[in-house]
Number of protein chains: 2
Amino acid sequence: MTPRTTENGHPAIKALPEPPDLPPPLPEPAVEEIRLETVLAALSDPLRLRIVRKLLLESEQFDHTCGWFGLDRPKSSLTHHFKALREAGITRQRQYGLERRSHVRVADLNARFPGLLDLVADWTPPGR
Amino acid sequence: MTPRTTENGHPAIKALPEPPDLPPPLPEPAVEEIRLETVLAALSDPLRLRIVRKLLLESEQFDHTCGWFGLDRPKSSLTHHFKALREAGITRQRQYGLERRSHVRVADLNARFPGLLDLVADWTPPGR
DNA sequence: CTCTTTGTACGAGTTCAATCGTACTGTGTG
DNA sequence: CACACAGTACGATTGAACTCGTACAAAGAG
């Protein structure tokens with residue numbers, strides 16, 4: 001069966017294989033522990049929705065630091081939101097030296113909630 | 001019980017046509033006004049997730065009153081949650097005499113966020 | 001009319017999350 | 001070593017949302 005595509009023809013978000021020998025991920029829920037309520041709550045915040053969407057659309061196989069997102073918020077606020085995403089099971093974070101890089105757990109989320117990431121990728125930020 | 005999974009991965013939750021001459025719906029957002037953040041926030045509450053899921057799986061072409069759901073909460077709490085669902089654009093409510101009946105806006109939600117309702121239908125409530 | 005039923009409106013208490021300043025830890029560089 | 005840098009931990013404040021009691025409104029039955 002071919003990968004799922006959304007109604008408007010947007011290509012489905014696909015998972016890339018991870019190279020071995022990476023730093024271990026920070027504490028996160030296992031795939032089967034990821035709960036829909038928690039994921040939806042995490043994604044109901046516009047800033048976190050922006051973060052996940054940007055990761056999905058622009059990340060090109062690399063993890064990214066907080067700074068890469070260009071978010072105009074103090075560091076302590078960003079820590080809060082990245083932690084919320086990780087603890088909900090949406091992102092994985094790894095420590096590279098003094099940087100902490102994030103990527104979306106695409107394979108896990110597609111397995112658990114097929115189609116959800118496509119909705120995030122198609123999302124249009126409010127205002128403007 | 002209707003099957004919820006299809007061979008092609010398209011939304012399995014189907015919209016039924018509405019008969020004419022119904023009471024007018026209570027105030028609700030238009031399709032294009034429905035926002036993903038708001039919908040996700042509304043669905044991040046386990047009780048509301050239960051309500052929507054039950055409507056999707058057991059509603060058989062009829063609208064339902066608050067009492068039909070068998071929720072062990074005071075009436076004022078139920079009013080709160082049904083209002084939240086309606087104002088998010090997830091459900092439509094109509095006044096039938098002294099009853100206020102709800103159903104999910106399946107067509108609108110499938111058009112706006114394809115696949116989302118399938119995730120709700122497949123959800124497993126916690127603690128079981 | 002009264003009584004019952006279904007649900008709302010309002011308000012209070014409580015809980016929880018978002019925001020962010022400050023202080024701090026750990027890592028790499030010169 | 002000292003210093004810069006990425007990010008955390010902690011705590012305070014704020015505001016929103018959940019919960020629910022009480023009082024009230026509208027509709028139908030008798």
Side-chain angles (χ1 to χ4, degrees), chain A residues 22-28 35 37-52 55 62-103 125-127, chain B residues 22-28 35 37-52 55 62-103 125-127:
Chain A
L22 295 178
L26 278 79
E28 66 181 23
R35 297 229 35 98
E37 317 88 277
T38 314
V39 170
L40 296 184
L43 293 177
S44 69
D45 183 288
L47 184 66
R48 292 195 288 256
L49 212 40
R50 270 179 63 190
I51 291 174
V52 177
L55 277 176
F62 296 117
D63 297 0
H64 294 278
T65 68
C66 291
W68 174 76
F69 296 88
L71 300 167
D72 189 22
R73 304 291 178 95
K75 291 189 297 178
S76 53
S77 297
L78 297 183
T79 298
H80 169 71
H81 288 294
F82 278 92
K83 184 178 179 185
L85 287 172
R86 174 170 52 84
E87 292 184 339
I90 297 172
T91 58
R92 172 165 295 146
Q93 288 186 290
R94 286 193 163 89
Q95 194 82 32
Y96 291 82
L98 49 73
E99 290 173 342
R100 184 166 291 195
R101 293 175 170 268
S102 302
H103 70 271
Chain B
L22 294 179
L26 279 80
E28 65 182 23
R35 297 228 36 99
E37 319 88 278
T38 313
V39 170
L40 296 184
L43 293 178
S44 69
D45 183 287
L47 184 67
R48 291 195 288 256
L49 211 41
R50 271 179 63 189
I51 291 174
V52 177
L55 276 176
F62 296 118
D63 297 1
H64 293 279
T65 67
C66 291
W68 175 78
F69 294 87
L71 301 167
D72 189 22
R73 303 289 178 96
K75 291 188 297 179
S76 52
S77 297
L78 298 183
T79 298
H80 168 70
H81 289 294
F82 278 92
K83 185 178 178 184
L85 287 172
R86 174 171 52 85
E87 292 183 340
I90 297 173
T91 57
R92 172 164 295 146
Q93 288 186 290
R94 286 194 163 91
Q95 194 82 29
Y96 290 83
L98 48 73
E99 290 173 341
R100 184 165 292 195
R101 295 175 169 267
S102 301
H103 69 271

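Sequence lines set the chain letters: A, B, ... in the order given, protein chains first and strands last, and positions in each chain run from 1. Because only heavy atoms are used, hydrogens play no part in the values below, and waters and symmetry mates are left out as well, while side chains stay in.
Under the 3.5 Å distance criterion, with hydrogens and angles disregarded, no donor-acceptor pair is assigned to the side chains of B:Arg101 and B:His64. Neither side chain, A:Arg100 nor A:Gln93, offers a donor N or O lying under 3.5 Å from an acceptor on the other.
In this structure, A:Thr79 contributes its side chain and A:Lys75 its backbone to a donor-acceptor pair below 3.5 Å.
Once you apply a 4.0 Å limit to the heavy atoms of chain B, the touched nucleotides of DNA chain D run 5' to 3' over D:dC18 to D:dA27.
In this structure, CZ in A:Arg48 is found 8.0 Å from CG in A:Leu43, a value given to the nearest 0.5 Å. From A:Arg86, atom CZ reaches atom OG1 of A:Thr91 across 7.5 Å, with rounding to the nearest 0.5 Å.
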Annotated protein contacts, base or backbone, on nucleotides 5-24 of chain C with a non-hydrogen cut-off under 4.0 Å, one of B, S, - each: BBBBB--------SBBB---
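Residues B:Leu49 and A:Glu37 form a side-chain contact, since some pair of their non-hydrogen atoms from C-beta on lies under 4.5 Å apart.
Applying the 6.0 Å contact sphere to CZ of B:Arg35 captures more than 12 heavy atoms from other residues, nucleotides or ligands.
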